[in-house]
A.B. asks: 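Below you will find the structure I want to go over with you.
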Amino acid sequence: MYMLGMNPEMAIEQVGVALSEYIENNWSEVLHANRDELEALFPELEDATYGVYLDKLIPPAWQEFERCGFQSAEPDKEDDFVIAGCLNFRNSLEKAEWGTPGHEIRIFWIVLKNREEQRIGTLVLEFAHSHIQFDVPAKPKIIAMEETERREIVSRILQRKENR
């Protein structure tokens, strides 16, 4: 498995590039290695099956982030649903018009802080998936942005989607 080249002084853009490279090098391999299990789970778990996939893909990268002192700037609440150790369902959006049947898009975001407790920006994960059958029709996409306030993050995400 390809790992990230991380260091604690990285800016949000550099962190985004490192995570993008990690996903580029691992998403398909993790999907292929676990496809039979995930397809068998889909009839029972439906959309939650994608959380199982992300639980297999993201944690090695997130652990590397944490080793470098990066962490989520927003503490989890008791009733939060967190996928892959870092993707808080509360910080996600899905809109039917962003994709097509069989190629829906869910967007998660994580506001990152560094080891000095400074918010450095936000990582956005754009995740294509199907509600019809288990399928990840496109590589997950990472976008790095400097915004750290929820309203600004959502506004920028919606703006990106409108410009598609």
Side-chain angles (χ1 to χ4, degrees), residues 1-4 6 12 15-68 70-112 121-145 150 153-154 156-164:
M1 180 171 273
Y2 174 90
M3 290 308 295
L4 295 96
M6 298 279 300
I12 193 66
V15 172
V17 167
L19 184 55
S20 290
E21 289 174 357
Y22 169 84
I23 287 175
E24 174 74 34
N25 286 287
N26 293 295
W27 81 278
S28 182
E29 177 184 327
V30 170
L31 183 61
H32 179 71
N34 295 283
R35 182 171 288 285
D36 291 344
E37 172 194 0
L38 296 166
E39 287 177 348
L41 289 172
F42 190 78
E44 179 184 348
L45 298 181
E46 297 177 342
D47 262 11
T49 309
Y50 298 110
V52 175
Y53 167 68
L54 292 171
D55 280 340
K56 295 174 183 298
L57 177 64
I58 301 294
W62 187 248
Q63 290 163 3
E64 184 66 20
F65 278 46
E66 290 177 323
R67 278 193 289 279
C68 286
F70 296 106
Q71 56 185 313
S72 174
E74 300 173 349
D76 296 332
K77 296 178 181 175
E78 186 176 321
D79 61 342
D80 279 342
F81 180 61
V82 179
I83 300 167
C86 62
L87 301 173
N88 193 323
F89 214 77
R90 174 173 40 98
N91 292 335
S92 74
L93 298 169
E94 181 169 352
K95 299 212 177 215
E97 65 270 16
W98 289 350
T100 58
H103 193 126
E104 287 82 17
I105 306 288
R106 175 156 298 274
I107 297 177
F108 291 93
W109 67 88
I110 307 166
V111 177
L112 279 186
T122 300
L123 293 176
V124 176
L125 171 71
E126 186 174 294
F127 184 70
H129 60 287
S130 172
H131 291 169
I132 300 167
Q133 64 185 14
F134 180 78
D135 189 30
V136 180
K139 169 185 73 164
K141 182 178 179 182
I142 299 295
I143 300 133
M145 58 177 71
R150 183 179 187 85
I153 294 164
V154 171
R156 177 109 181 260
I157 289 168
L158 294 175
Q159 189 176 52
R160 284 182 53 82
K161 292 289 127 197
E162 289 173 7
N163 293 331
R164 278 188 135 186

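Numbering starts at 1 and runs along the sequence shown.
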A.B. asks: Name every donor-acceptor pair, under 3.5 Å, that has one atom in a side chain of residues 74-85 and the other anywhere in the protein, sequence neighbours excluded.
C.D. replies:
| unit_1 | atom_1 | unit_2 | atom_2 | d |
| --- | --- | --- | --- | --- |
| E74 | OE1 | N91 | ND2 | 2.7 |
| D76 | OD1 | N88 | ND2 | 3.3 |
| D80 | OD1 | R90 | NE | 3.0 |
| D80 | OD2 | K77 | N | 2.6 |
| D80 | OD2 | N88 | ND2 | 2.8 |
| D80 | OD2 | R90 | NE | 3.4 |
| D80 | OD2 | R90 | NH2 | 2.7 |

A.B. asks: To the nearest 0.5 Å, what is the distance between CD (E126) and CZ (R106)?
C.D. replies: 12.5 Å

A.B. asks: Are L19 and F65 close enough, and set up right, to give a side chain to side chain contact (heavy atoms under 4.5 Å, CB included), and what steps lead you there?
C.D. replies: CA-CA 9 Å; L19 184 55; F65 278 46; 4.1 Å; yes

A.B. asks: Please report the interatomic distance CG(L38) to NZ(K56), rounded to the nearest 0.5 Å.
C.D. replies: 6.5 Å

A.B. asks: Using modelled atom types only, decide if a donor and an acceptor are shared between the side chain of Y22 and the backbone of L57 within a distance under 3.5 Å.
C.D. replies: yes

A.B. asks: Under the side chain to side chain contact (heavy atoms under 4.5 Å, CB included) criterion, do L125 and I142 qualify, and how do the steps go?
C.D. replies: CA-CA 5 Å; L125 171 71; I142 299 295; 3.7 Å; yes

A.B. asks: Let me check something: any side-chain donor-acceptor pairs from residues 42-50 under 3.5 Å, sequence neighbours excluded? List them with distances.
C.D. replies:
| unit_1 | atom_1 | unit_2 | atom_2 | d |
| --- | --- | --- | --- | --- |
| D47 | OD2 | H131 | NE2 | 3.2 |
| T49 | OG1 | E46 | O | 2.8 |
| Y50 | OH | S130 | N | 3.3 |
| Y50 | OH | S130 | O | 2.6 |
| Y50 | OH | Q133 | O | 3.1 |
| Y50 | OH | D135 | N | 3.0 |
| Y50 | OH | D135 | O | 3.3 |

A.B. asks: If you round to the nearest 0.5 Å, how far is CD1 of I107 from OG of S92?
C.D. replies: 9.5 Å

A.B. asks: Got a second to check how far E64's CD is from M6's CE, nearest 0.5 Å?
C.D. replies: 6.5 Å

A.B. asks: Could you state the interatomic distance from CZ (F134) to CD (E39), rounded to the nearest 0.5 Å?
C.D. replies: 7.0 Å

A.B. asks: Quick one: which of F108, W109, W62 gives a side-chain contact (heavy atoms from CB on, under 4.5 Å) with L87?
C.D. replies: F108

A.B. asks: Of I105, V124, I153, I157, which meets side-chain contact (heavy atoms from CB on, under 4.5 Å) against L93?
C.D. replies: I157

A.B. asks: Identify the two heavy atoms, one from A144 and one from G16, that lie closest to each other, and give their separation to 0.1 Å.
C.D. replies: CB-CA, 4.2 Å

A.B. asks: Atom CG in N26, atom NZ in K139: separation rounded to 0.5 Å?
C.D. replies: 12.0 Å

